Peer 1: 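Structure in structure tokens, see below.
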There are 2 protein chains.
Amino acid sequence: MAYQRSALMQERLAENRQRILASARQLVARGGFRAASINAVAEVSGLSTGAIYRYFPSKSALFIEVLSSAVRHECDILLAIVDGDGSAGERLRAAVESFARRALQGPHLAYAFIAEPADPEVEAARILCRREFSDVFKRVLRQGIASGEFPKQSVDVSAACVVGAFTEALVRPTEHSARRRQDKALVGAIVDFCERAVTGTA
Amino acid sequence: MAYQRSALMQERLAENRQRILASARQLVARGGFRAASINAVAEVSGLSTGAIYRYFPSKSALFIEVLSSAVRHECDILLAIVDGDGSAGERLRAAVESFARRALQGPHLAYAFIAEPADPEVEAARILCRREFSDVFKRVLRQGIASGEFPKQSVDVSAACVVGAFTEALVRPTEHSARRRQDKALVGAIVDFCERAVTGTA
DNA sequence: GAAAAAAGTGAAACACTATTCACTAAAATA
DNA sequence: TATTTTAGTGAATAGTGTTTCACTTTTTTC
């Protein structure tokens with residue numbers, strides 16, 4: 001008598017789950033955590049509030065998944081750059097630039113990675129996310145120091161500073177918004193700053 | 001018939017006001033905004049919840065005052081260093097070091113300056129606070145660049161990066177906490193990072 | 001097609017907290 | 001001291017947003 005889901009049904013359920021995640025991500029990207037209530041998620045994804053709880057046990061669980069999947073995606077991109085070709089300095093520049101550029105596309109999402117969320121559970125996930133980012137930068141730093149390209153420095157601290165430097169520099173403009181012209185210059189200045197900080201050369 | 005407050009009474013009222021502010025600051029410093037409900041503030045300051053509203057029109061107003069007075073105090077300290085003696089590089093190092101050291105004393109308070117608060121009104125105040133901090137650093141940067149001591153760079157971006165770099169590096173340890181031994185090394189590494197970033201010399 | 005199981009609904013229950021307000025206590029005036 | 005004005009109380013109110021649940025609809029099994 002074991003009930004079995006048809007392939008079609010299974011697919012529809014998976015689709016719903018994805019739609020819920022996508023809706024939540026979209027809401028965070030547009031208006032931050034604040035704008036992403038369960039009701040809003042339900043509305044955007046075309047389901048009822050109750051249905052959300054069939055897919056996720058709680059609001060926290062939903063947003064933890066939103067955050068961590070977004071971060072995994074970003075980290076994959078960064079890792080490809082960091083483990084690519086070129087000198088450590090070149091790869092660092094490329095990684096910072098890529099990260100900064102992408103963050104400017106969805107400033108609120110970037111903000112959510114840094115912002116204190118209401119829920120302590122999500123907070124824990126957020127901390128892990130930042131660690132993942134800085135871990136990527138630690139890789140290049142270690143390589144550059146080992147090869148003598150970078151001066152000796154605390155890899156932990158420098159990686160955290162790099163992440164902090166551009167999140168601060170990027171997130172601040174969130175309020176103004178809509179100044180696409182200056183983006184290029186902003187990204188360039190951030191990249192320069194981080195390069196000097198790490199390489200110690202003007 | 002105009003009612004006049006006695007000097008004693010006036011003093012007691014001012015004292016209460018200060019006690020409320022101090023209680024709120026203490027609660028934020030210990031447990032972040034999250035722990036600082038009006039009820040908690042009332043309890044700590046030994047007044048009733050209703051009484052708080054005789055001194056401050058709203059929770060937001062209270063916390064805006066807490067934040068801005070704390071920031072003013074920190075900025076005063078930084079300004080004294082920045083406008084003091086020594087080369088631009090020395091003063092920058094001293095300012096970063098002082099800021100980092102003091103932030104380590106009350107990590108949650110430092111966190112509150114960065115964290116997204118629930119209330120948009122407080123958020124606005126928070127943004128101003130960060131700008132005040134970075135304005136202080138802009139001063140040294142301009143001086144150093146003018147004298148040729150620092151290479152050319154975007155003063156706005158570099159100042160934001162400096163603030164971001166050490167807030168990230170400082171705030172992260174908040175979770176662990178209670179590792180006073182490594183503090184000195186941490187502060188040193190942050191100062192080095194910022195110096196390299198700004199001066200471009202290892 | 002009827003019975004059983006699961007998915008989906010959305011209004012109501014619940015939790016959390018800022019804010020109010022009818023009231024009491026204290027202080028200033030006369 | 002009696003009266004008026006202000007300070008202070010804290011339970012009730014109100015707004016917000018998550019979670020539940022009795023119920024309907026859809027899907028699967030026989």
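Hydrogens, waters and symmetry mates play no part in the numbers below; they use all other heavy atoms, side chains included. Letters A, B, ... mirror the listed sequences (proteins, then strands); counts begin at 1. Everything numeric here is computed off the predicted structure, so don't read it as measured data.
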Peer 1: Counting neighbours of CD on A:E15 that are heavy atoms of other residues, nucleotides or ligands and sit closer than 6.0 Å, is the number greater than 12?
Peer 2: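 Result for CD/A:E15: enclosed.
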Peer 1: Please list, for nucleotides 16-20 of chain D, all pairs of protein and nucleotide N/O atoms separated by less than 3.5 Å.
Peer 2:
residue	atom	partner	partner atom	Å
D:dT18	OP1	A:K59	NZ	2.4
D:dT18	OP2	A:I38	N	3.1
D:dT19	OP2	A:Y53	OH	2.5
D:dT19	OP2	A:K59	N	2.9
D:dT19	O5'	A:Y53	OH	3.3

Peer 1: Are A:F63 and A:F56 close enough that their ring centres sit under 6.0 Å apart?
Peer 2: no
Peer 1: Can you give the donor-acceptor pairs under 3.5 Å from side chains of residues 6-13 of chain A to other protein atoms, not counting sequence neighbours?
Peer 2:
residue	atom	partner	partner atom	Å
A:S6	OG	A:M9	N	3.1

Peer 1: So with a 6.0 Å cut-off around CG of A:D85, is the heavy-atom count from everything else above 12?
Peer 2: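 Result for CG/A:D85: open.
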Peer 1: Go through the structure and list residues passing salt bridge (Lys or Arg N to Asp or Glu O under 4.0 Å) with A:R91, not counting sequence neighbours.
Peer 2: none
Peer 1: For nucleotides 13-15 of chain C, print each protein N/O atom paired with a nucleotide N/O atom at under 3.5 Å, atom names and distance only.
Peer 2:
none

Peer 1: Nearest whole Å is fine: how far is D:dG8 C1' from B:E43 CD?
Peer 2: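 It is 16 Å, rounded to the nearest whole Å.
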Peer 1: Atom CG of B:N16 to atom C1' of D:dA7: distance rounded to whole Å?
Peer 2: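 Whole-Å distance recorded here is 9 Å.
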Peer 1: Run the salt-bridge test on B:E97 and B:R101 with the 4.0 Å N-O cut-off and return the result as yes or no.
Peer 2: yes
Peer 1: Hey, does the side chain of B:Y55 come within less than 4.0 Å of D:dG8's phosphate (OP1/OP2), counting only N and O?
Peer 2: yes
Peer 1: Verify the contact: side-chain N or O of A:R54 to OP1 or OP2 of C:dA7, cut-off strictly under 4.0 Å; return yes or no.
Peer 2: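 Yes, because at least one side-chain N or O of A:R54 sits under 4.0 Å from OP1 or OP2 of C:dA7.
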Peer 1: Would you name the heavy atoms of B:L141 and B:A159 that are closest together and state the gap between them?
Peer 2: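 Closest approach of B:L141 to B:A159, heavy atoms only: CD1-N, 3.7 Å.
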Peer 1: Kindly indicate whether the side chain of B:S158, heavy atoms from C-beta on, has any atom under 4.5 Å from the side chain of A:R196.
Peer 2: yes
Peer 1: With the criterion being N/O to N/O and under 3.5 Å, what pairs connect the protein with nucleotides 26-28 of chain D, and how long is each?
Peer 2:
residue	atom	partner	partner atom	Å
D:dT28	OP1	A:S6	N	3.0
D:dT28	OP1	A:S6	OG	2.4
D:dT28	O3'	A:Q4	O	3.2

Peer 1: Provide the full list of salt bridge (Lys or Arg N to Asp or Glu O under 4.0 Å) pairs with a residue in residues 62-73 of chain A, sequence neighbours left out, each pair given once.
Peer 2: A:R17-A:E65
Peer 1: Heavy atoms, side chains only, cut-off 4.5 Å: are A:F193 and B:V162 in contact?
Peer 2: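 In contact.
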Peer 1: Rounded to whole Å, please give me the gap between CD1 in B:I52 and P in C:dC21.
Peer 2: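 Rounded to whole Å, this separation is 18 Å.
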Peer 1: Heavy atoms only, 4.0 Å cut-off, all strands: where does B:F56 land among base, sugar-phosphate and nothing?
Peer 2: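 It contacts nothing in the nucleic acid.
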Peer 1: Would you say the side chain of A:L79 lies within less than 4.5 Å of the side chain of A:R139, judging by non-hydrogen atoms?
Peer 2: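 Yes; the side chains approach each other to less than 4.5 Å.
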